[in-house]
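Here is how names work: the chains are called A, B, and so on, in the same order as the sequence lines, proteins then strands, and each is numbered from 1. Below, all heavy atoms of this structure are taken into account, side chains as well, without hydrogens, waters or symmetry copies.
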Amino acid sequence: MTALNEMQLDFLSKSQNESFARVVVAAFASQLDPTLDELADIKTAVSEAVTNCIIHGYENTVGVIRIKSKLYTDKIIISVQDWGKGIEDIQKARQPLWTSKPELERSGMGFTIMEDFMDKLEIESTPGEGTIITMVKNLGDSSERNNS
Amino acid sequence: MTALNEMQLDFLSKSQNESFARVVVAAFASQLDPTLDELADIKTAVSEAVTNCIIHGYENTVGVIRIKSKLYTDKIIISVQDWGKGIEDIQKARQPLWTSKPELERSGMGFTIMEDFMDKLEIESTPGEGTIITMVKNLGDSSERNNS
Amino acid sequence: MGGVIKVKDDMLKINLRGEIDHHIASIIKDEIDRYIEKHKIKNILFDFKDVSFMDSSGVGMIIGRYKKLQKAGGKIGVIYLTPQVKKIFEISGLLNIVNCFSDEREAIEKL
Amino acid sequence: MGGVIKVKDDMLKINLRGEIDHHIASIIKDEIDRYIEKHKIKNILFDFKDVSFMDSSGVGMIIGRYKKLQKAGGKIGVIYLTPQVKKIFEISGLLNIVNCFSDEREAIEKL
Ligand SMILES: Nc1ncnc2c1ncn2[C@@H]1O[C@H](COP(=O)(O)OP(=O)(O)O)[C@@H](O)[C@H]1O
Ligand SMILES: Nc1ncnc2c1ncn2[C@@H]1O[C@H](COP(=O)(O)OP(=O)(O)O)[C@@H](O)[C@H]1O
């Protein structure tokens with residue numbers, strides 16, 4: 001099945017771009033007419049993924065973050081990529097409350113939130129090369145629509 | 001001088017992406033705290049350039065449109081690129097009211113508006129290869145601020 | 001596109017809404033043309049009160065309706081231009097072919 | 001970050017505003033810590049009425065303040081959680097360490 005629409009955004013790993021990234025993905029996702037709850041879930045997951053690139057991937061140095069997104073009639077696929085540090089142990093990283101940077105007051109809840117708010121979360125990472133997070137959100141579940 | 005921030009957005013030449021492109025550039029430009037008038041000018045110019053890629057560059061077929069933008073303390077630079085038809089006679093294209101597609105109810109005012117609303121407009125185009133429009137908007141002119 | 005109201009036998013009022021770009025202008029255009037033909041419309045009044053944005057595609061859409069109505073001696077009126085829209089009207093010379101009124105009453109009376 | 005109001009001798013109320021992400025949380029954090037030290041604050045009440053968005057960086061910021069206040073026997077209260085914020089509080093377990101009140105009066109009384 002081909003996508004209804006596609007986009008790719010590259011931007012610098014600066015913390016003021018966290019809100020920019022949320023606005024861009026939310027504006028793109030809006031084309032599928034999501035509920036407010038679905039849109040909030042998407043914004044939250046994107047915020048977590050982008051923040052991770054900035055803090056963990058590039059450790060507050062300046063690199064490029066790439067967001068790709070595809071729209072289908074019933075879902076949105078979003079990937080967030082950096083060419084930073086990479087993740088040594090992906091299974092450990094996925095655990096709730098686990099963080100490699102407690103000194104920066106990280107809560108270790110980023111991946112848990114992405115997993116919970118989206119319908120699918122895939123993490124690919126190579127230490128020293130970078131990380132790609134791919135997330136899928138199904139839209140228009142009747143259960144979701146009743147909640148909103 | 002290095003830019004404060006940079007971004008690059010690729011998206012498909014579909015007309016529903018005209019508003020998406022405006023939202024993205026406006027959200028990015030907002031980091032410079034422009035006046036409402038300045039922001040409206042930027043959105044208008046981007047809308048004209050993106051519409052031209054869709055209608056003239058790709059003639060309503062599907063291709064990729066690329067927007068690049070850089071922020072400096074006192075200005076924003078925006079380029080809009082397509083790999084479509086290109087422009088044979090750039091001087092003629094810039095003239096007010098001149099359009100190659102009167103049958104589509106084009107007004108021929110796109111370039112005139114870009115030129116008037118922005119502080120600089122550069123057109124590079126090669127027939128058969130594509131077109132890049134580069135625009136600069138100076139921000140924080142005291143005259144602008146008084147008007148808003 | 002917002003509401004379409006017939007305010008007099010041969011006059012249509014169109015409450016435009018949101019952002020009028022090429023995507024939206026194409027949709028509005030088709031809708032208006034269907035109305036013009038079906039209801040023998042002579043004059044159109046565009047209300048811009050709820051329009052936050054318009055670009056040159058909107059200009060083309062208005063000129064297109066102007067030419068269509070002109071053949072039957074019809075005219076176009078506009079009310080409540082917001083600042084961004086007014087700037088587009090001015091630079092594109094639209095104010096030379098459409099009549100700008102201060103409110104609906106004046107438009108109905110003078111158009 | 002919104003307003004900071006001292007509501008009792010040792011209690012600070014913070015009216016958070018807008019979107020609390022990593023960028024904003026870092027700014028808020030520094031501001032609150034300066035207040036805590038200068039004014040000998042024991043308890044903090046966060047008002048989320050005007051918060052449209054919070055992510056896990058906000059969670060980290062709140063846990064950080066909790067740990068700081070806890071040393072002196074202080075506590076954290078929250079009021080008016082918006083739906084998106086409530087979801088974040090629930091999933092992150094924040095509700096186990098902060099006290100959720102129905103309004104400011106109740107918070108001042110019971111915190
Ligand atoms: N893009 C990334 N690059 C490198 N490491 C990452 C990246 N994203 C996550 N990690 C690692 O996974 C851990 C868990 O991430 P997360 O659940 O988001 O919690 P937190 O960001 O609060 O630490 C991080 O502490 C970090 O070690
Ligand atoms: N991206 C483009 N690719 C090819 N031709 C273009 C492009 N942009 C503009 N042109 C040409 O320049 C002419 C003038 O453009 P413009 O002033 O925007 O008016 P309009 O879009 O109303 O025709 C167009 O009619 C078209 O022939």
Are more than 12 heavy atoms from other residues, nucleotides or ligands located less than 6.0 Å from atom [atom1] of [X]?
X	atom1	answer
B:E103	CD	yes
A:E59	CD	yes
A:K101	NZ	yes

* To do: Mark yes or no for whether A:K14, through its side chain, and B:L4, through its backbone, hold a donor-acceptor pair below 3.5 Å.
  => yes
* Over all atoms of both residues, closest heavy-atom pair of A:M7 and B:L9 -> SD-CD1, 3.9 Å
* **Non-hydrogen atoms of A:Q31 and B:Q16 that approach each other most closely** => NE2-O, 3.3 Å
Below 4.5 Å, heavy-atom pairs only: which of [options] has the largest tally toward chain A?
options	result
B:D10, B:V24, B:V62	B:D10
B:V64, B:I67, B:N17	B:N17
B:A27, B:S69, B:S19	B:A27

* Structure fact -> From the list A:V23, A:I65, A:N5, the residue making the most non-hydrogen contacts under 4.5 Å with chain B is A:N5
* Asked: Highest number of heavy-atom pairs under 4.5 Å with chain B: which of A:R66, A:Q8, A:K68?
  -> A:Q8
* To do: Go through the atoms of B:F20 and report whether side chain, backbone, both or neither lie under 4.5 Å from a heavy atom of chain A.
  => side chain
